[in-house]
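What you see below is based on every heavy atom in this structure, not just the backbone, and it leaves out hydrogens, waters and symmetry mates.
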Amino acid sequence: MAGEETRAGSREWVGLAVLVLPCVLASMDMAVMFITLPSLAADLGPSSSEQLWIMDAYGFLLAGLLITMGTLGDRFGRRRVLLTGAAAFGVASVLAAYASSPGTLIAARVLLGIAGATLAPSTLSLIRSMFHDTAQRATAVGIWTTGFAGGAVLGPIIGGLLLEHFWWGSVFLVNVPVMVLLLILGPLLLAEDRDPEPGRFDLLGAAMSLVAVLGVIYGVKATAEHGFGLIPLTCCAVGLAVGAAFLRRQHRSANPMLDMALFRTRRFTVPLLIDALATFGLVGFSLFNWQFMQLVLGMGPLESALWSLPTFLVMPVGIALATALAPRVGKHNAVAGGLLVATAGYVMLTLLRADSGIVHLVSGMTVVSIGIGAVSAVVTEVILSAAPPERAGAASATAETSAEFGGALGIALLGSIGTAVYRSDLVDKAPDALTSEQLEAARSTLGGAVETAATLPGGTADSLRQVAFDAFAREARIAAVVSAVLMAGAAVLIATLLRGTGTRPGPEAPRSAAERDGGNPASDRRSRAASS
């Protein structure tokens with residue numbers, strides 16, 4: 001039967017396992033630095049500015065180059081770009097592990113970010129070409145989503161275990177055997193896939209996309225860390241202006257990096273928005289989650305990482321439920337259901353108090369993770385299905401970029417709202433015995449309050465800690481309220497706007513004009529060129 005011929009076999013599923021591994025490492029590499037920084041700082045002695053670049057260089061370059069790397073995969077071959085990136089990732093990991101100066105480590109982190117940007121769009125677009133059956137592709141995307149999310153949780157755990165026995169460079173060397181395995185098995189299990197008529201690569205467009213994403217991401221992150229200022233606002237403004245120029249260029253180009261026709265369809269744009277909103281809440285609230293465990297509950301980095309394991313272990317439950325229900329109730333309803341589950345988790349977290357135990361926090365985050373797992377798996381598959389096969393790399397990169405923006409905005413906006421609440425509460429209720437310098441240190445951050453309390457007499461110290469913990473708990477509750485409202489609103493949005501767009505049960509709608517024209521991707525391109 002024709003349907004049976006399109007179903008993936010054992011080779012594709014083993015190939016999927018190979019594709020998931022580098023994604024786990026790519027997300028691990030962002031999370032592991034939080035636990036590694038104290039050890040490498042003691043060894044290399046970086047300045048405060050160098051520490052920031054050691055932490056941020058990887059994430060900035062990865063976010064800024066996703067669209068470019070996805071387009072390169074469409075043009076030169078997704079497997080080729082993936083294996084090239086894997087080799088570069090392995091080399092950069094060795095350079096980072098044996099870096100003898102802060103500058104060398106920063107350079108290695110930059111190379112890691114460039115190489116890491118090839119992994120997500122290449123792996124996801126290869127999944128698009130390997131799994132033609134809708135149900136199988138949904139399952140494969142769910143497994144990929146679990147791996148990508150799992151890396152962020154496993155990073156601090158694996159990093160902590162390695163640092164117990166080895167030097168800080170070992171957290172980078174763990175990448176090498178996985179990349180070697182990918183380089184060996186990739187050519188055997190993964191078929192090459194590319195756009196048969198890619199057109200000319202837009203080098204200026206690639207540079208513009210990098211400047212646009214870096215400008216906005218850097219500006220948002222700097223605002224979250226230091227508040228509103230001239231430099232962060234200027235970076236955001238420049239990024240937005242260049243981004244607008246980039247989109248105009250794509251609209252007029254005969255060989256665009258992004259198919260702008262996709263952005264005129266709700267089936268593509270609404271899932272992108274939902275993905276960004278889901279990441280907004282999850283990443284933004286994680287800022288409070290980690291601080292609550294480590295500063296309020298007094299856990300160490302490894303212990304808090306272990307307590308975060310349940311949130312990762314239950315994510316496949318949400319993914320499995322969503323992928324099983326989507327063919328029956330429709331993908332839009334499955335995503336809406338996942339968003340409502342996440343809303344319930346955030347509602348639980350609106351009851352968080354300074355004296356709440358770890359079970360309350362982990363229970364709320366576990367429910368959130370089930371819901372977000374369901375959302376991420378289905379919307380990613382919808383985005384992939386909405387794009388024509390020859391644009392799978394660019395579509396995958398667009399999905400990942402929207403998630404990066406969502407996470408950055410979550411940290412910035414929830415962090416800014418929470419900081420304002422925390423500072424107001426602390427100033428109103430702080431012990432009168434504090435000097436102006438001590439009060440300023442305590443009101444800056446929860447960590448500053450804990451450090452200040454350690455220098456005070458017993459009664460004043462206890463009073464300051466309690467006030468700070470209560471203020472932070474209120475900060476977290478407000479962040480949970482904002483996240484719950486956003487998730488509930490997103491559920492209504494996707495349940496209404498995606499009705500009748502091919503996300504209901506039944507055969508898939510045609511994915512592009514190219515497919516309706518007999519599968520010739522050049523026909524769309526020629527029509528765009530003629531109209532311009």
Side-chain angles (χ1 to χ4, degrees), residues 20-62 85-119 147-184 225 286 290-291 293-295 298-309 312 447 450-451 454:
V20 168
L21 286 175
C23 291
V24 172
L25 291 181
S27 56
M28 255 180 59
D29 222 62
M30 286 189 281
V32 76
M33 288 306 298
F34 292 104
I35 198 169
T36 309
L37 186 62
S39 298
L40 69 85
D43 185 21
L44 300 181
S47 65
S48 58
S49 176
E50 288 171 333
Q51 284 191 39
L52 288 175
W53 281 111
I54 289 171
M55 291 291 295
D56 295 337
Y58 175 81
F60 284 164
L61 269 295
L62 187 145
F89 202 91
V91 171
S93 297
V94 175
L95 291 176
Y98 293 102
S100 58
S101 68
T104 304
L105 183 56
I106 292 170
R109 294 284 289 167
V110 167
L111 181 56
L112 277 169
I114 296 171
T118 68
L119 301 179
F148 216 91
V153 176
L154 294 175
I157 297 173
I158 294 175
L161 292 173
L162 288 171
L163 292 173
E164 289 283 333
H165 301 94
F166 306 102
W167 95 113
W168 59 265
S170 61
V171 302
F172 296 109
L173 287 183
V174 74
N175 300 332
V176 176
V178 175
M179 293 305 168
V180 170
L181 183 67
L182 175 59
L183 291 171
I184 294 172
E225 291 179 349
S286 294
W290 286 99
Q291 290 186 79
M293 285 192 288
Q294 294 185 16
L295 296 175
M299 295 182 178
L302 181 56
E303 184 183 4
S304 58
L306 290 171
W307 272 107
S308 68
L309 261 181
F312 162 63
V450 172
E451 291 177 4

**Prompt:** Taking side chain as C-beta onward, heavy atoms only, is I157 less than 4.5 Å from L306?
**Reply:** yes
**Asked** Measuring from H165:NE2 to S170:OG, what's the distance to the nearest 0.5 Å?
**Response** 10.5 Å
**Request:** List the atom of L295, the atom of G447, and the distance in Å for their closest heavy-atom pair.
**Result:** CD1-N, 3.7 Å
**Prompt:** Do the non-hydrogen side-chain atoms of Y98 and L173 ever get within less than 4.5 Å of each other?
**Reply:** yes
**Item:** Residue pair V174 / V171: nearest heavy atoms and the distance that separates them
**Value:** CG1-O, 3.3 Å
**P46 side chain reached by I54 side chain, heavy atoms, under 4.5 Å** = yes
**Prompt:** Hey, does L162 have a side-chain heavy atom less than 4.5 Å from the side chain of W167?
**Reply:** no
**Item:** Closest non-hydrogen atom pair between L183 and A86, with its separation
**Value:** CD2-CB, 4.3 Å
**Request:** Work out which heavy atom in L105 is nearest to a heavy atom in A96; give both atom names and the distance.
**Result:** CD1-O, 3.7 Å
**Fill in**
Exactly one of I184, L25, L21 clears side-chain contact (heavy atoms from CB on, under 4.5 Å) with M179, and that residue is L25
**Message:** Under a 3.5 Å distance rule, please check whether S93 uses its side chain to pair with a backbone N or O of F89 as donor and acceptor.
**Reply:** yes
**Asked** If you take all heavy atoms of P22 and L182, which pair is closest and at what distance?
**Response** CG-CD2, 3.8 Å
**Message:** Which heavy atom of G85 sits nearest to which heavy atom of A115, and what is that distance?
**Reply:** O-CB, 3.4 Å
**Item:** Straight-line distance of S304 OG to M299 CE, nearest 0.5 Å
**Value:** 7.5 Å
**Request:** List the steps and the verdict of side-chain contact (heavy atoms from CB on, under 4.5 Å) for F172 and L112.
**Result:** CA-CA 10 Å; F172 296 109; L112 277 169; 4.2 Å; yes
